[in-house]
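Contents: one structure, followed by commentary.
Naming convention: chains lettered A, B, ... in sequence-line order (proteins, then strands); numbering from 1 in each chain.
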Number of protein chains: 2
Amino acid sequence: MRTSLSRSSRTQLSAALPIALAMLLGSAPALAAPPAKAADAKPRSMQEIIDASAPSDWRRIEPSNTLVMDLDAGRIVIELAPNLAPEHVANIRTLAREGYWNGTSINRSQDNFVVQWGDPAEDEAKRKPLGSAKAKLPAEFERVRPKGASFDVLPDRDGWAPQVGFVDGFPAGRDPATGTTWLAHCYGMVGAGRDIAADSSNGTELYVVTGQSPRQLDRNITTVGRVVHGIEHLSTMPRGTGPLGFYEKPEQRTPIRTVRLGSELPETERMALEAMRTDTAAFTELVESRRNRRDDFYKRPAGHIDLCNVPLPVRVADAKTKGAK
Amino acid sequence: MRTSLSRSSRTQLSAALPIALAMLLGSAPALAAPPAKAADAKPRSMQEIIDASAPSDWRRIEPSNTLVMDLDAGRIVIELAPNLAPEHVANIRTLAREGYWNGTSINRSQDNFVVQWGDPAEDEAKRKPLGSAKAKLPAEFERVRPKGASFDVLPDRDGWAPQVGFVDGFPAGRDPATGTTWLAHCYGMVGAGRDIAADSSNGTELYVVTGQSPRQLDRNITTVGRVVHGIEHLSTMPRGTGPLGFYEKPEQRTPIRTVRLGSELPETERMALEAMRTDTAAFTELVESRRNRRDDFYKRPAGHIDLCNVPLPVRVADAKTKGAK
């Protein structure tokens, strides 16, 4: 009846989620098994599905499409979503190339909400120059049938959107009637802070969701990507004691060494990451294995999963998933 | 177009959530305004509603119904749910009275999932004696029409339960056909770790949800209460690098000074907390103000809220909410 640290109970309380995967974000199936089938099926565990997956079940996360943030505590990698927020992503790439965030800081950590970073200067006049980056961009809250983007539907009901699923592997909402698509504020998603005006973000000020998914922000702010590695370095930031979790004293801010475009890192410094594709049978089986837990711990499989509860496995390329960093 | 640290943008990105409240957990309305009305209404902000609330809109959190955990970093207060898990809560009270957790530790921190504490000893023989506490308890995953418990319905759709709302102020699911009620795994909810057997928890090993609500655990484990103060001391715990976020080395564990029953603290050490009642017009208005954000930041009110996104204000008794700790 021992419940704490025995291997068995570890496996059970965590529902067999390896920590490297537990830290990762949602994704979903091209199509989930119908409920009837699900009820009878005894799906393999997520780990078993990943271990048995084929190389074709994974996609390379393109270095040119990643931001690599280095803190004293470690490295964070963010995958950008150019098909959903093309102008913001282009500006963010320029800002990273020109070292805009180098020497800036983590300025805010609000429990169960977001961690935010950028130039902490309150005074416009004291802020870092934007270099070649644009000062003004259009709002990119949503896109109608985004060019080049895939969408894999999650059949489960969602209270925030008529349809949910995965656009280019990011959790997303969609209106099937119009094809309007938007990124969803799940744990680990990264957005561009803005002021009152919808078009007042330019990508210099970024935040990551570190709590219960604040889906009310969907279609209200430009969302630009997702943390695919090292989110624990951000989610454990001491909470700020000022209003909304901003740090009250400059020395409480965590310095950012560098934020670079992945493709500009020396080969020796690059981290080759792969994300599980969301349009494969393996992924559909993985999602079903989470919708209906069949291990001995679960006495009542849910028969449902919320968009932001779907894990999206990420691993180091050419490494076994167990070695995922 | 400055987006980061100006007061205005702080207010906006956080949707006007004061940090003391932002840290707190969900609750819901006796009845929410109908969608049509909601669409026309210009509800006050949550803060305005709280500032204008009457003393009768709040309930005292009974000290005899709280666990007070003291770490070097600070104090955590957990409200227990005796109507939902009577035998576990009784055992937990006994364990606290007899100092069971004093000198134990935080043993696990898994990103976007749970933080867990108790006796870290792997070896049954080396574990702390239970004293007067029971070694074996029945599973208390759910209750049919729990005695003495109130239930305030949240009208929003939920994928995990036929009906959701708040039982004694805790987020919960319910089957209206049978009256079966269970606590929901929202951020900050506290559960009793168990092994494979449904009745293998006795309350010695506890965990708190620190990530996206793992609702798949609902009705699969005995949930005993909710953190109502100091959750940031647990949610920022360094993530464990062992399987499932367990710490690999004893020195990585955070020591627990004491866990006491609130009613056994000297008067001078007590913290008088109040939670907003979930059966009042003020609370119904508060929930509606979150279902449809009407401040200038939000361009598209969601017209929906998930159970685990509903804030449950807690404040220090006889203090203005702004002073909530």
Notebook entry, point to check: So, A/Asn220 side chain and B/Phe297 main chain: donor-acceptor pair closer than 3.5 Å or not?
Noted result: no
Notebook entry, point to check: Is the closest side-chain heavy-atom distance between A/Ile305 and B/Gln216 below 4.5 Å?
Noted result: no
Notebook entry, point to check: If you count heavy-atom pairs under 4.5 Å with chain A, which of B/Ala302, B/Gly118, B/Ala198, B/Gly159 comes out on top?
Noted result: B/Gly159
Notebook entry, point to check: Could you give the distance from CG (B/Asp306) to CZ (A/Arg215), rounded to the nearest 0.5 Å?
Noted result: 7.5 Å
Next item on the list: Rounded to the nearest 0.5 Å, what's the gap from CG on B/Asp111 to NE2 on A/His233? Could you check?
Entry: 10.0 Å
Check: Distance from A/Gln212 atom CD to B/Thr210 atom OG1, nearest 0.5 Å?
Finding: 11.5 Å
Next item on the list: Using a 4.5 Å cut-off on heavy atoms from C-beta on, say whether the side chain of A/Phe141 contacts that of B/Lys299.
Entry: yes
Check: Top residue by heavy-atom pair count (under 4.5 Å) with chain B, among A/Asp218, A/Leu206, A/Val209, A/Asp158?
Finding: A/Asp158
Check: Roughly how far, to the nearest 0.5 Å, is the CD1 atom of B/Ile196 from the OH atom of A/Tyr298?
Finding: 11.5 Å
Notebook entry, point to check: Hey, is NZ on A/Lys134 packed in by over 12 heavy atoms from elsewhere, all under 6.0 Å?
Noted result: no
